[in-house]
Structure formats: C-alpha cells, structure tokens
Amino acid sequence: MVSVIVMCTANRGRSPLAEAMLRRKLEVRGFADVKVESAGMCVYELGRAGAAVNPLISDVAKRHGYDLSKHRARPFDAGRFDEYDLIVVMEGWQAEALRQVFQLNDGKVCTLRQLAGESGGDPNTPDVAGVPITAIEAYFAEADRCLEAAFNNGPLARLLADA
C-alpha cells in the first residue's frame, strides 16, 4: 500500500482540505490502495491538538462538496516517518526542516507546488489562517490545480506508476 501524508503548520486549514481533495481524486481514478492522512508540524506548539478545522475552511470545503466536520488537528508523529512514501508540505521551510531532521536528500518530501511538478518559482502555498474567504477560495483553486497536475507529473505520478 502506498502512503501519503499532507502537512501544514497546525493541521486546521490547508492540509486537511488537501487531504480530502487528494483522497477523492485518488478514489475517482481507482487508486483504492493509497492511504492519505494529514498532520501539522506545530500542532502542540500552537496549542491546537484536537482542534476543529478553521470554520472558514470548513465553509469553503462544504461549498465544494467536502465535509471536514469530523477532522481534528493532529500533530506529525515523527516515529511514523518511515511509514510514508511521500510527504507533501505547504511551505519550503517545512520541507527543509523535515529534510534536515531526517537527513533526506531524496524526493520523499515536497511542497504542494512541487507535487505538481513545478520546479521553479515560489514553492510556498500561503497560510490561510486569518485570511478572507476569497484567499481561502484561491487556496482551494491552487490545491485543486496542483493535485490534478500531480497525477501527470512529479513525485506522486512517479510513485503511482511504480505501485
């Protein structure tokens, strides 16, 4: 079984929505043997463990057919690192922190934009905490674009081709 984890800072916005979107996109394409989870890199530090999804994120998700009402913020469990075939983060600093901590130089960790096969430009997907709903809709559109592209190019496409 292939295992993917999507991570952001607090696991209350970007990563739970991208997790739900990726899971659906995989199911629609018949990839039933891919496990998708999400977590946050700073959940404990921000005092968010067990917190619900940001209400505006939940509203946007619902408008697009995703129910995030049962999601609760989870911290990344470093002890499970080896279980994941691919770790998708939202910002370059998150990818770099994981590469340093786990001494990686392979393609196991990438940003959402790198997942889409994008190698140039800004790798960061802006945080959506405390932003207006229009910025959250923009994030949804970007995540949708990146996840769609990921099936044709980049680390996810390679992983699925080898599975």
Side-chain angles (χ1 to χ4, degrees), residues 1-44 49-50 53 57-58 60-61 64-125 127-128 139-163:
M1 174 177 274
V2 172
S3 183
V4 177
I5 188 165
V6 182
M7 294 177 30
C8 66
T9 305
N11 194 225
R12 295 188 59 233
R14 294 173 292 178
S15 61
L17 183 52
E19 171 194 8
M21 294 169 73
L22 178 56
R23 185 176 291 121
R24 182 177 296 165
K25 289 175 185 305
L26 287 161
E27 289 171 2
V28 166
R29 287 169 172 83
F31 291 104
D33 58 342
V34 178
K35 180 181 178 182
V36 182
E37 299 178 21
S38 70
M41 290 186 67
C42 302
V43 174
Y44 287 132
V53 169
I57 292 283
S58 188
V60 168
H64 291 280
Y66 297 94
D67 180 7
L68 301 180
S69 64
K70 294 181 179 152
H71 178 84
R72 295 295 176 260
R74 294 181 293 268
F76 176 62
D77 180 352
R80 294 183 58 209
F81 179 81
D82 290 333
E83 293 178 28
Y84 303 108
D85 299 298
L86 182 61
I87 299 174
V88 180
V89 296
M90 299 295 145
E91 299 176 56
W93 73 265
Q94 295 164 337
E96 188 55 35
L98 290 170
R99 286 186 194 110
Q100 286 181 10
V101 168
F102 294 101
Q103 300 177 356
L104 298 173
N105 58 8
D106 63 6
K108 184 172 183 168
V109 178
C110 65
T111 66
L112 182 64
R113 289 179 179 171
Q114 291 165 339
L115 183 73
E118 298 175 13
S119 58
D122 186 358
N124 300 313
T125 301
D127 199 348
V128 293
Y139 165 72
F140 180 89
E142 178 175 3
D144 189 56
R145 177 188 62 76
C146 289
L147 293 171
E148 282 295 324
F151 286 95
N152 300 316
N153 191 18
L156 181 64
R158 289 189 293 276
L159 186 63
L160 295 175
D162 293 341

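Just so we're clear, the structure is a prediction, and the values are computed from it rather than from any experiment. Excluded from the calculations below are hydrogen atoms, water molecules and symmetry mates; all remaining heavy atoms, backbone and side chain alike, are included.
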Interatomic distance, Glu83 atom CD to Met1 atom CE [nearest 0.5 angstrom]: 12.0 Å
Pairwise distance OG(Ser3) to CG(Leu159) - rounded to 0.5 angstrom: 9.5 Å
Relative to the ring of Phe76, is the ring of Tyr84 parallel (under 30°), tilted (30 to 60°) or perpendicular (over 60°)? tilted
Is any side-chain N of the basic residue among Arg23 and Glu19 closer than 4.0 Å to the acidic one's carboxylate O? yes
Please tell me if the side chains of Arg29 and Leu160 come closer than 4.5 Å, counting only heavy atoms from C-beta onward. no
Residues 87-97 side chain polar contacts: donor-acceptor under 3.5 Å, at least two apart:
unit_1 : atom_1 : unit_2 : atom_2 : d
Glu91  : OE1    : Trp93  : NE1    : 3.1
Glu91  : OE2    : Arg14  : NH1    : 3.0
Glu91  : OE2    : Arg14  : NH2    : 3.0
Gln94  : OE1    : Met90  : N      : 3.0
Gln94  : OE1    : Glu91  : N      : 2.9
Gln94  : NE2    : Thr9   : OG1    : 3.1
Glu96  : OE2    : Gln100 : NE2    : 3.1

Measuring from Leu86:CG to Lys108:NZ, what's the distance to the nearest 0.5 Å? 9.0 Å
Return the minimal non-hydrogen interatomic distance between Ala39 and Ser15, and the atom names on each side. O-OG, 3.5 Å
The reported gap from CG in Asp77 to CD in Glu37 (rounded to nearest 0.5 angstrom) is 9.5 Å
Going by heavy atoms in the side chains, are Leu115 and Leu112 under 4.5 Å from each other? yes
Identify the heavy atoms of Asp122 and Arg113 that sit nearest to each other, and give their distance. O-NH1, 2.9 Å
Report, as yes or no, whether the 6.0 Å neighbourhood of atom OH on Tyr44 holds more than 12 heavy atoms from other residues, nucleotides or ligands. no
In terms of the angle between their ring planes, are Phe140 and His64 parallel, tilted or perpendicular, with boundaries placed at 30° and 60°? parallel
Under the criterion side-chain contact (heavy atoms from CB on, under 4.5 Å), I'd like the reasoning laid out for Lys25 against Asp144: C-alpha separation, chi angles, the key distance, then a yes or no. CA-CA 9 Å; Lys25 289 175 185 305; Asp144 189 56; 2.6 Å; yes
Kindly indicate whether the side chain of Tyr139, heavy atoms from C-beta on, has any atom under 4.5 Å from the side chain of Leu17. yes
Does a side-chain heavy-atom distance below 4.5 Å link Asp162 with Val2? no
What is the distance from atom CG of Asn11 to atom CE of Met41, rounded to the nearest 0.5 Å? 12.0 Å
Looking at side-chain heavy atoms only, is the closest gap between Arg74 and Val43 below 4.5 Å? no
Evaluate the side-chain contact (heavy atoms from CB on, under 4.5 Å) criterion for residues Leu26 and Phe151: first the C-alpha distance (whole Å), next the side-chain angles of each, then the deciding distance (0.1 Å), finally the verdict. CA-CA 9 Å; Leu26 287 161; Phe151 286 95; 3.7 Å; yes
Determine the minimum heavy-atom distance between His71 and Ser38, stating which atoms define it. CE1-OG, 3.5 Å
Where Arg12 and Val53 come nearest, the two heavy atoms and their spacing: O-CG1, 3.4 Å
So, taking the atom named CD1 in Ile5 and the one named CG in Leu22, what distance separates them when rounded to the nearest 0.5 Å? 12.0 Å
